[in-house]
Every structure is written in C-alpha cells, then in structure tokens.
4 protein chains.
Amino acid sequence: MKKKNVPSLVKDERLIKTRREQIVKAAVQLFNKKGYHGTTTREVAQASGFSIGTLYEYIGSKEDILYLVCDAVYDEVMEKWEQLMDENLQGLERLHQVIYSYFKVVDDLQNEVLVMYQETKSLSNEALNYVLQKELSMKDMFEKEIRTCRERGLIEIEDREVSLACHNILVSGHMWTFRRWIIQKEYTIESYCEWQIAQLFRGFQAKDGKFLHHSGVTPAINKDGGGNGWN
Amino acid sequence: MKKKNVPSLVKDERLIKTRREQIVKAAVQLFNKKGYHGTTTREVAQASGFSIGTLYEYIGSKEDILYLVCDAVYDEVMEKWEQLMDENLQGLERLHQVIYSYFKVVDDLQNEVLVMYQETKSLSNEALNYVLQKELSMKDMFEKEIRTCRERGLIEIEDREVSLACHNILVSGHMWTFRRWIIQKEYTIESYCEWQIAQLFRGFQAKDGKFLHHSGVTPAINKDGGGNGWN
Amino acid sequence: MKKKNVPSLVKDERLIKTRREQIVKAAVQLFNKKGYHGTTTREVAQASGFSIGTLYEYIGSKEDILYLVCDAVYDEVMEKWEQLMDENLQGLERLHQVIYSYFKVVDDLQNEVLVMYQETKSLSNEALNYVLQKELSMKDMFEKEIRTCRERGLIEIEDREVSLACHNILVSGHMWTFRRWIIQKEYTIESYCEWQIAQLFRGFQAKDGKFLHHSGVTPAINKDGGGNGWN
Amino acid sequence: MKKKNVPSLVKDERLIKTRREQIVKAAVQLFNKKGYHGTTTREVAQASGFSIGTLYEYIGSKEDILYLVCDAVYDEVMEKWEQLMDENLQGLERLHQVIYSYFKVVDDLQNEVLVMYQETKSLSNEALNYVLQKELSMKDMFEKEIRTCRERGLIEIEDREVSLACHNILVSGHMWTFRRWIIQKEYTIESYCEWQIAQLFRGFQAKDGKFLHHSGVTPAINKDGGGNGWN
DNA sequence: AATGAATGAGGCTTCATTCAT
DNA sequence: GATGAATGAAGCCTCATTCAT
C-alpha cells in the first residue's frame, strides 16, 4: 500500500513540506471543532495563513487535506512514541512502557488522533486503504511486544487471543479521545493509564503483580518509590 | 435530558410513527453506505418510499433524521437486549450474559450501531446531549451489574476502576462494528464474544474460571472447566 | 448515433419540454452575444426566467445547454425548411427551391445557426458525434436531390463531385451567418440567394438558364410570371 | 486598421520575435487540441518552453496570444502563398494557380488556419477588427484577380457577383479545414482542389474548359482536354 | 530576463428547504 | 396528507495575472 500522491503545482519540495504542515495544523483545529464536512476549504486556507488559491497549489482536492492530516498524525504519533521509549527496558516493564507511552502520545495529540479517528471514513478508497494499513502497522508493533512477552511466559493468553489483545490496546488509546466527553471527566491521563493498563495486564494474565492494580495498594504506576520509575 | 422534539406537520400520531420508522430504516442503510453528509434528503425520501415533500412533513430538518436514527437505535438495542436476558441468572453468569447479549445485539444491529457511533458527532448540541445521555444510561446498566458482582466479591476491582470497566465493555461492543474492516476478518461473533469476555473478566479478576477462556479449549488457567452452555 | 440523454430531476415531460425551450432560446441569445464560454450558467438561468437551481433541474451540466441548443437548432431548421417546400415542384425548380428554402431558413434562424456552427466544437465527444451526424443527414438530403437531377440529365457533374457539391450548398448557407459581418453588408438575403444559387447552378452545369443569372436580367427568383414560380 | 500593440516588458526586439514565435507555435498546437478557452496560459508557457512569468514578459494578456496566433497565421499564409506563385502565368491559368496555391497553403497550415478560423470570435473588438481587415485584404487579392479575368472576358459574371465569388473562394479554402472531419475522408487535397476549382470556374463561367473538370477523366463538358500540369 | 509562488474573483454545481397545487 | 418544482446560499475548484526574488 503506497503513500497516495498528493499533487502540487509548486516545485520547491521544501516549501511544499512547510506549507502542508501549516495546512495540517490548521485543518486539525478546524476539523476538531466543526468536522471535516463542516469545514470549508476557504477556512482551511485562511487558518493556514494564505489564500484559497495558494491552498490549491499544495493540494489537489479537499480530500487531500484530510489525507494529509491522517498521514501526518500517524507519523507524529510514531515519532513521539519512539521518543518516549526507553530501549533498555525489558519484559513486562517494556510492555508496560509501550502501552503507557502510546497512551501518553495519544493524550498529547488528542485533537489529531480524534480527527483521524472520526473522519477517516470520509477518505476515498485509495487513501482509506493506506491509512488503514498504517493502523495495522501500529497493531503489529503491539503484537510483536505481546508475542515476545508471551513466549517468555510473562503473560498467558491463547495464541488466538493475541490479535484481539492488540486491538484492545489500540482502542483503549483511542477511547481516551473519542470518549473524552465523559472519560476525561472521570480520569486524569495518569489515572487512566494506571487503571486501563491494570485491566489490560490482568486480562493478559501478566505474571508480575506490580502492574495489575492501583498504586494505592501496591504502588505500581506511582509517583513515589515502589521501584518503578516511568513517570 | 428530555427527548428532543422533532416537529411534524402531520397530526395522526400513528402515521407519524409509521413514517418515521420507514425514514429511520432507509436512513440507516444510506448513512451506512455513504455517511450522513454523503446522503441527501432526496435519497432518504426516495428510499423511504415517498417524496421529498412528504419527508418534510415528518421532520423539521435533515439533522432530525440523524437524531431519529440515533434515538431509534438506542431503543432497539435496549429492546433486543432485554429480550435476550434471562432474569433467572445470577452472579457472574448474569454478568456474563449481560455482556454477551450486548455483544450479540450489537452484532445484530451492526449497521445501526455503526451509524450512530460514527455520525453522532454531527448532531447539534441539544440532540447530542440527549444521545450521550442515553449512552450513559447504558453504561449505568453495566455499572449496576458490575457493582453487584463486586459487592458480592465475585470480582475484585477497585471502586475507581468500576467506571472504566464499564466503558471498556461498551467500547468492546462498538469495536465489533467500527473495526469490523479488520476484526470481523479475524473473529466470528462467537469467538469474539468468548475471547473478549475472557479478557474483560480476567481484567475484572472474576473469581470463576469458567468465563476466563474459550470453552472449547483446554483451559490454560482454568482448573475445573465445568460445562457452561452459552455457545 | 442516438440522441444523447440529458438528465432532468423533473418528472413532468411536458414541463421539461417547455423549460428547455426557454433555456435554448435564452442560451442562443447569450451565446450569440458572448459565446458559449463567455456565458455563465447563471446568466442562462436568469435569461430563461428562473433561478440557477431550477436550471439544473432540467440539465445536468453546462454542456447540456449547448447540446440542447444544437439539437434544437437542427430540428428547427428541418421543420421550417419542410414548411417552405412545395412538393409539387420538380426537376431543377425543385432543386432550386430546396436550396433557396434552406438559405431562407438559415437567414431566419441566423443566430441559432451561427451558435451551432461556432460552438459545436465545444461539445464532448458523444454529443459532438450526434450533432455531426445530424449535419450529415442534412447533407444527405441535398445529395438525394442532386442525384435525382443528375440522373435525369438536368445537371452534369461527375459522380465524385456530387458530395462536394452538397458540402458547398451547406457551407453556402452557413456562410450567410458566419461571414455576416461582411457579406450582409454587401448583399440582402434575396440577392445573396440569387447570386449564390446562380454560381452553384452554373457549377453544377444546370441545363436551364433561368437559374444561372440575376433576376435583373431575366427574372429568376421572382414573384410574378416570368415562367418561374418559386416564390 | 493598425496592428494592435502587444505590450512586452522586454527591450530586445530580436528576443521578442523569437519568443513570440515559440509562443505562437505552442499555442497553435494547444488551441487545436483543446480550443482557446480550454487552454490555460500555464500550458502555453510550458509548451513554449519557459515559465508563466516569462510568458507574461512577452504578452499583456491571454488574448494577446490569440491575437499573435491570428496575426502570424495570416502572415504565414501570405508568405507561403507568394512562394507558390509563378508570376509568369496569366489569364485563367494565373487565376487557377492563385486559387490552387491558396488551397495548398491552407492544407499545409491546416491547424493554424483552423484555429484562426474558429477562435477569431474570441478576440476583443480592436484585435478582431484588425484580423477581419486582414481577411478582407485576402479577399481583395482574389478580387483583383477575378476582375482582371473578367475585364479580359475570360470569365463571365456580373459585377455584383464578383465579391460573392471571392468569398466563395476563401470559404472553399477554409472548408478544407473546418469540415475536415468529413471532407478529408472523402477527398485528398489534390482531388479536392480539382473538383472544387472546377465547380468554382464553372460558376464563374470560365471560358477555358481545361479547368472545368478533373484532368484525369474523360471530359464530360470539356472539348479539348489539353493537358495542364499542376498536379 | 527569468522564475514561480501567491492571489482572489468568479465559474459550475449541489442540496436542504419551501410552498403552491 | 402528498407531491415535486422552485429556490438560492454556499461549496469546491480554476486560472489569468502579479510581483518579489
């Protein structure tokens, strides 16, 4: 599934990059507030800081804006995610960190993720497939981690359960955005991470108790001591 | 949060009900295929079997159609759900059934649920709040069940975890529709129910092993394996 | 080559006919003055006496307007032409009348013919082919007449010359419109008919002198006696 | 009617000439394929081998391009025509050659002539008048030839017929391009010249039979049939 | 002289909604 | 109550032209 080609009348690749970043940034704001369909190309142009004519020098159609957003969001998620990863961790600690970091990135890029999440369906087939492919590649990352833990006996789930577990992790991240109208009233991002990861880990039958429950009992994801230090 | 008033120029309440059912049925099909924004009122009228003029005798605006759909879907979900419930069950068996039935209803009303799920955000404030309220009332149903089990010591989760657990159940149901592009390739509805409920129950630290794994398989964690017969 | 289908959202065929006549009439005026490309759909709608929305209830695209014009012009030409024909004439008198009537109709429908003539090339392939087909069918009408005269020995041109002769007749008619900027300063429609037909007939080597020169000498296209009676 | 001034920001007249030749050449190709209105200035610039900015260094507006094309085409037609003329010929032979050469030039510059012919109407008043003036000057050339023959008794048409005869010659040339969709299927340029000139000459009542029919054929009307060798 | 990014007026078309029949 | 023709605001996109580099 190759990246879709978004046509541009401008030759300077550097400029294309800059302008498209402006476009994506503006579009995320607007799509968040008014949705993709509720946002006009003129608004995107204006919010991007240039004219409608200029906007169309960098895209071929309105849908391209949505595609650029989705594409950029995935890349940004991946990039920030990698920054948060500590490659020295292993085992369940690593699994924990993978998930925790993912949640944190989602929280950081809430608006972006939400847009991508809610508007993806408005993409045409070609672009949609590409975006779904990216989604799957994220799932694969989790799957690799899960399988590693599973092979080492650190978690205990059936083989056929693995894929589902990965979906659950991903969706748990998305939930933080698409149910934010209620869930962010009930939890902070930190408490959400703790409880959600606890439920996930118990669901995986993780063999190390420190991730299975709330810090208040045996502090796992906890500010003070406890011997774990992710936050 | 009161039901939003959808204006109609027609007096006969019976007729209004019939026509609106037609509208909702047609709209679900269309919204599924083309999305709310991609569907025109003309199309809805035609698919409903009457003219555009008549359509507007039973609604006040296009948004009302979406509202009617969302409203109807919740009601239909509740109705079908109740039909599946066996009031004689208790404890974890009841909890299991509540979730399982919910998943089955979602599967049955896939298109409806998906539309409601994806297009809800296009509702205006008043209607949106009403719909979100309904969503919360569903969560409350789960919460009641969860708390009952918890009080009886059948599951062991922190008080502050309860709400999250309910969200997870709800979202697990929605997942079956909004990730169906991938998840329904990997699982049948029955296998999905089994594995998903197993992960949830383990996440709740349910005290009865028989729900924690796939019934047909040699229990990895489960000791007894007593026959349960939901599937 | 079938008539191209022009989509309409309106069901009443009678109304479609009326409205399209309005559209064609308005479009001819506008296209004459400003050309097809220089005319906006809004202008056509306004000149037709209804809104832009209504215009699009009767056509699918701007090009359809041009197509409707071309189609209607041919029909109108044929209709008026037939009205002018006296079926009792024979031989060269008939040939003369066919051409003369054709010129008169072209003069009568000058604007229409000119538009069709100048803007045809803007039609897309399907419509263009249809229109060219109609043009050919007009040529065929002349060809039939020419061949009849030729077989009877009334004119004397080579077989391979016949087709060219027909093109010349047709183009002589068109000329009256597309060179009107100069030719209508030099000739009245009547004098044009006389001289042009005279040159054509001599070109055909017609065997009857009375059509070969100007009426001022031996009145040819003349109301009264003189022995010829076409008008 | 003076040549319209086409503004240029460039001083070097030599360069202006070169660049404009490039522009005209590119524009003819494009206008032929897509029409004047269907061609963008960007396309003209690109096909000319330079940037849009540079294009506007040599013209003032898009219309100037069309004007340059029309102007150049006339000049090119005249130039090539003169090259084909044999100043030693006289009488009907000269008239024949004038027409024949004209037809051949039109055939040679088909695309150019067609563009000029079809798009002229898109010129604004000033430029249009200039172009029409050029058209008239071509007509005058024919008129001079016709009158010479007429005075010498070589052809026999009324005084008032002369102008029409010239129009017919001119239009016969244009026909070869604007009806090429059908006429070039039926005739080669050579056969077209022969038959068309034969019909014209008979129309003029030319006194020399050798031009009145196809040379290769047994004269139907012609008595002597002496070999003429233009083709 | 050459470049090409920026501009924005304006074109075509759609579609939710109204209202006379 | 039902119909469907009429409306026009508003959206997407193009492209001739300018101007800073």
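Chain naming here is simple, since letters A, B, ... match the order of the sequence lines and numbering starts at 1 in each.
The aromatic rings of B:Tyr36 and B:Phe31 stand perpendicular to each other, their planes meeting at an angle above 60°, with 30° marking the opposite boundary.
Of the side-chain N and O atoms in B:Thr41, one or more sit less than 4.0 angstrom from OP1 or OP2 of E:dA16. Of the side-chain N and O atoms in A:Thr54, none sit less than 4.0 angstrom from OP1 or OP2 of E:dA5. Between C:Tyr58 and F:dA6 there is a side-chain polar atom (N or O) within less than 4.0 angstrom of OP1 or OP2. When the side-chain nitrogen and oxygen atoms of A:Arg19 are compared with OP1 and OP2 of E:dA6, one or more of them lie within a distance under 4.0 Å. The phosphate of E:dT13 has OP1 or OP2 within less than 4.0 Å of a side-chain N or O from C:Tyr56.
Note on C:Ser51: a base of the nucleic acid sits closer than 4.0 angstrom, heavy atoms only. If you check every strand for non-hydrogen atoms under 4.0 Å, C:Thr39 touches sugar and phosphate atoms only.
A straight line from CG of B:Leu9 to C1' of E:dT18 spans 11 Å, rounded to a whole angstrom. The NZ atom of A:Lys62 sits 22 Å away from the P atom of E:dC12 (whole-angstrom rounding). Atom pair D:Glu43:CD and F:dA16:C1' shows a separation of 13 Å (rounding to whole Å applied). The separation between C:Gln22 atom CD and F:dA5 atom P is 15 Å, rounded to whole Å. The separation between C:His37 atom NE2 and F:dA16 atom C1' is 16 Å, rounded to whole Å. Here E:dG4 presents its P atom at 13 Å from CD1 of A:Ile16, a figure rounded to the nearest Å. Computed from coordinates, the A:Glu57 CD to F:dC13 P distance equals 15 Å when rounded to whole Å. What separates CZ of C:Arg42 from C1' of E:dC12 is a distance of 9 Å, to the nearest Å.
For B:Arg14 and F:dG1, a side-chain-to-base donor-acceptor distance below 3.5 Å is absent, hydrogens and geometry of angles not being considered.
In the set E:dA1, F:dT17, F:dC12, the nucleotide with an atom closest to the side chain of D:Leu15 is E:dA1.
If you look at D:Tyr117 and C:Phe178, their ring centroids are closer than 6.0 Å.
With DNA chain E read from its 5' end, the first of the two nearest nucleotides for B:Tyr36 and D:Asp12 is the one closest to D:Asp12. If C:Phe50 and B:Phe50 are placed on DNA chain F by their nearest nucleotide, the residue sitting closer to the 5' end is B:Phe50. When each of A:Gly49 and C:Gly60 is assigned the nucleotide of DNA chain E bearing its nearest heavy atom, the one mapping closer to the 5' terminus is A:Gly49. Summary of the strand contacts: B:Val10 and A:Glu63 both lie near DNA chain F, and taking for each the nucleotide with the nearest heavy atom, the more 5' one is attributed to B:Val10.
Salt bridge B:Arg19/B:Glu57: absent, no basic N to carboxylate O contact under 4.0 Å. Using a 4.0 Å cut-off between charged nitrogen and carboxylate oxygen, D:Glu21 and D:Lys25 do not count as a salt-bridge pair.
Across all strands shown, E:dA6 is found opposite F:dT17 as a Watson-Crick or G-U wobble partner, with both distances under 3.5 Å. Across all strands shown, E:dA1 forms no Watson-Crick or G-U wobble pair with both key distances under 3.5 Å.
Under 3.5 Å, the side chains of A:Tyr130 and A:Asp71 contain a donor-acceptor pair of N or O atoms. No side-chain donor from either of D:Glu63 and D:Ser122 sits under 3.5 Å from a side-chain acceptor of the other.
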